[in-house]
Amino acid sequence: MDITRFDTIDSTNDYIKREKIGEKHIISADVQSAGRGRRGNIWNSSAGGAWFSFCLNEDKNITQEYYGKIPFIAGASVSAVLAEVTGSDIFMFKWVNDIYVYDKKICGILVEKSEGHFIIGIGINVNNNIEAEYRDNRISLYELFGRTFDIEEIIMKTAERFYENYTLLIRGGWPEIYTYICEKDYLRGREIKVINDGCEILGIAEGITTVGSLKVKTKDEIKEVETGSIIIR
Ligand code: BTN
């Protein structure tokens, strides 16, 4: 696994896309001047966080069913590595690919497809202090544990774990990954609102289906949602 580290770049996802960086080469930045989140959100990327991306080539012999699992693999990899480096089991998986601790987001993941490959962009709040405006719903490892962590170690281990989990997936290991994400399911039992294409579904999160959809118990039925953003009520 190679890593190229920048002091500042616009966005590690955009760099991979622009420079056509191949598999198993991580791009990381101390600061991103135009860090991006999902749904066009800005991702605050000041010094002290782990902001990095890497890519996975699309293989025409592998079905879409596998590629739909990439967010889960990325989330499961981050959660396992954070548990390993901190020695703590508090990291929960929020469908479809955030990591939460005590009701606050510690990691966001942006998976994008570009010309025959997937770009996996991961942002983990590590040694940074969360800006005042986000403190109600975000947290960093430093704030949780009162000490700093080795950012490069977290980045390398996460990318390695991702490729290992991807290999596991295409060799039939989804049940193992699925069991793990169900154990770490942050939303289960919570009252949520799912927003998808302007539609809203209100209900209780009832777990994740074996194909990776979110089960939501509304007042009259159980809906299986494939995509959407989640608001906890
Ligand atoms: C989200 O929760 O909305 C996803 C956030 C993803 C942020 C990471 S930081 C590294 C990579 N580069 C970006 O511009 N975004 C991702």
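One-based numbering, in listed order, for ligands and for the atoms of each. Counting from 1, the numbers follow the sequence of the chain as shown.
Residues Y15 and T4 have side chains that never bring a donor and an acceptor to within less than 3.5 angstrom of each other.
By the side chain to side chain contact (heavy atoms under 4.5 Å, CB included) test, I222 is found to be paired with E206, K215, K217, residues two or more places apart in sequence or in another chain being considered. In this view, N57 and E23, C55, H117 satisfy the side chain to side chain contact (heavy atoms under 4.5 Å, CB included) rule, not counting sequence neighbours.
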For ligand 1, list all ligand N or O to protein N or O distances below 3.5 Å, rounded to 0.1 Å.
| unit_1 | atom_1 | unit_2 | atom_2 | d |
| --- | --- | --- | --- | --- |
| ligand 1 | 2 (O) | K105 | NZ | 2.6 |
| ligand 1 | 3 (O) | R38 | N | 2.7 |
| ligand 1 | 12 (N) | T12 | OG1 | 3.1 |
| ligand 1 | 12 (N) | Q32 | OE1 | 2.9 |
| ligand 1 | 14 (O) | S11 | OG | 2.8 |
| ligand 1 | 14 (O) | R36 | N | 2.7 |
| ligand 1 | 15 (N) | R36 | O | 2.7 |

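Within the cation-pi definition used here (under 6.0 Å to the ring centroid, within 45° of the axis), R138 qualifies as a partner of W43.
Sparse packing is recorded around CD of E176, with 12 or fewer heavy atoms of other residues, nucleotides or ligands lying under 6.0 Å away.
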Using residues 164-175 as the side-chain source, report each donor-acceptor pair under 3.5 Å to any protein atom, sequence neighbours left out, with the distance given to one decimal.
| unit_1 | atom_1 | unit_2 | atom_2 | d |
| --- | --- | --- | --- | --- |
| N165 | ND2 | S77 | OG | 3.0 |
| T167 | OG1 | Y163 | O | 2.9 |
| W174 | NE1 | T210 | O | 2.7 |

